[in-house]
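One-based numbering, in listed order, for ligands and for the atoms of each.
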Amino acid sequence: MIRSGGARDVPFLRDMLRHAFYWRTPVGDEEPPLTRYVNGWGRPGDRSLIVFDEFVPVGAAWYRLFTQQDAGFGFIDEQTPELAIAVVPSRRGRGYGHELLGGLLDCARKDGFRAISLSVAKDNPARHLYESYGFEQVREDDGAVVMRAPLSAATP
Ligand SMILES: CC(C)(COP(=O)(O)OP(=O)(O)OC[C@H]1O[C@@H](n2cnc3c(N)ncnc32)[C@H](O)[C@@H]1OP(=O)(O)O)[C@@H](O)C(=O)NCCC(=O)NCCS
């Protein structure tokens with residue numbers, strides 16, 4: 001089951017941020033320096049999807065717009081939302097990532113966005129998943145790659 005997220009899901013999104021940040025190592029206790037990806041959730045442009053396994057949330061994907069002054073790592077411009085995604089380790093490789101990413105890109109098209117961006121470590125295997133949805137590298141910063149996918153208009 002997959003559903004839209006809201007302000008009540010922010011604690012879960014924070015957990016998922018930890019998984020995205022610590023993708024290479026066991027998840028640390030400290031909150032990663034990524035609070036701008038969830039703080040004050042509910043701004044115009046914010047959108048999230050949560051996926052469930054037997055009524056337990058196991059993954060999330062979301063996007064939000066940033067300003068030049070408070071840019072995310074994958075910032076391209078103020079009209080392009082930046083995406084984050086993670087699935088809990090015990091449920092990876094079962095198709096949840098595809099479900100979340102495909103669903104969220106559909107949301108972005110419906111919301112009228114022309115493109116979407118993200119930042120991913122150069123050696124993170126998730127890059128292949130992103131490429132299969134049309135993401136292409138636009139720049140490289142300090143071991144991370146910023147990727148962008150164009151979004152065609154949604155069909156009604
Ligand atoms: C990246 C991630 C969200 C994919 O979710 P998932 O549920 O494992 O993905 P799926 O089962 O739908 O598989 C999607 C693709 O990712 C590949 N994949 C499977 N396990 C993976 C893993 N542990 N890490 C990366 N990719 C993986 C699959 O082979 C599949 O490729 P295919 O379509 O060519 O077969 C998930 O692995 C994850 O949370 N990784 C750690 C956090 C992270 O790195 N987030 C991204 C930060 S930018």
Distance flag, aromatic centroids of Tyr37 and Phe21, threshold under 6.0 Å: no

In terms of atom number and element, which parts of ligand 1 are under 4.0 angstrom from non-hydrogen atoms of [X]?
X: Ile85; value: 3 (C), 45 (N), 46 (C)
X: Tyr96; value: 7 (O), 12 (O)
X: His19; value: 42 (C)
X: Tyr130; value: 46 (C), 47 (C), 48 (S)
X: Gly97; value: 5 (O), 6 (P), 7 (O), 9 (O), 10 (P), 12 (O)
X: Pro125; value: 24 (N), 25 (C)
X: Arg94; value: 11 (O)

Determine whether [X] and [Y] fall in the same hydrophobic cluster, where Ile, Leu, Val, Met, Phe, Trp and Tyr are linked whenever their side-chain heavy atoms lie under 4.5 Å apart.
X: Ile76; Y: Leu118; result: no
X: Met147; Y: Leu151; result: yes
X: Leu104; Y: Val51; result: yes

Report the nearest protein non-hydrogen atom to [atom]: residue, atom name, distance rounded to 0.1 Å.
atom: atom 1 (C) of ligand 1; answer: Ala126 CB, 3.6 Å
atom: atom 4 (C) of ligand 1; answer: Leu129 CD2, 3.9 Å
atom: atom 22 (C) of ligand 1; answer: Arg92 CD, 4.5 Å
atom: atom 19 (C) of ligand 1; answer: Gly93 CA, 3.9 Å

Determine the minimum heavy-atom distance between [X] and [Y], stating which atoms define it.
X: Pro81; Y: Ala115; result: CD-O, 3.3 Å
X: Glu78; Y: Gln69; result: OE2-OE1, 4.2 Å
X: Ala86; Y: His19; result: CB-CB, 4.0 Å
X: Leu83; Y: Tyr63; result: CA-CB, 4.1 Å

Protein heavy atom under 4.0 Å of [atom]:
atom: atom 17 (C) of ligand 1; value: no
atom: atom 41 (C) of ligand 1; value: yes
atom: atom 14 (C) of ligand 1; value: yes
atom: atom 7 (O) of ligand 1; value: yes
atom: atom 34 (O) of ligand 1; value: no
atom: atom 27 (C) of ligand 1; value: no
atom: atom 11 (O) of ligand 1; value: yes

N-O pairing of Asp141 and Arg139 below 4.0 Å: yes

Short N-O contact, Asp77 and Arg148, less than 4.0 angstrom: no

Glu82 side chain reached by Arg64 side chain, heavy atoms, under 4.5 Å: no

Ser119 near ligand 1 by a heavy-atom separation under 4.0 Å: yes

4.0 Å heavy-atom contact, Leu118 with ligand 1: no

Asp70 atom CG, neighbour heavy-atom count above 12 within 6.0 Å: yes

Within 6.0 Å of CD in Glu136, more than 12 heavy atoms from elsewhere: no

Mutual orientation of the aromatic rings belonging to Trp62 and Trp41 [parallel < 30°, tilted 30-60°, perpendicular > 60°]: perpendicular

Would you check the N or O atoms of [X], main chain and side chain alike, for any that come under 3.5 Å of an N or O of ligand 1?
X: His98; value: yes
X: Asn124; value: yes
X: Val87; value: yes
X: Gly95; value: yes

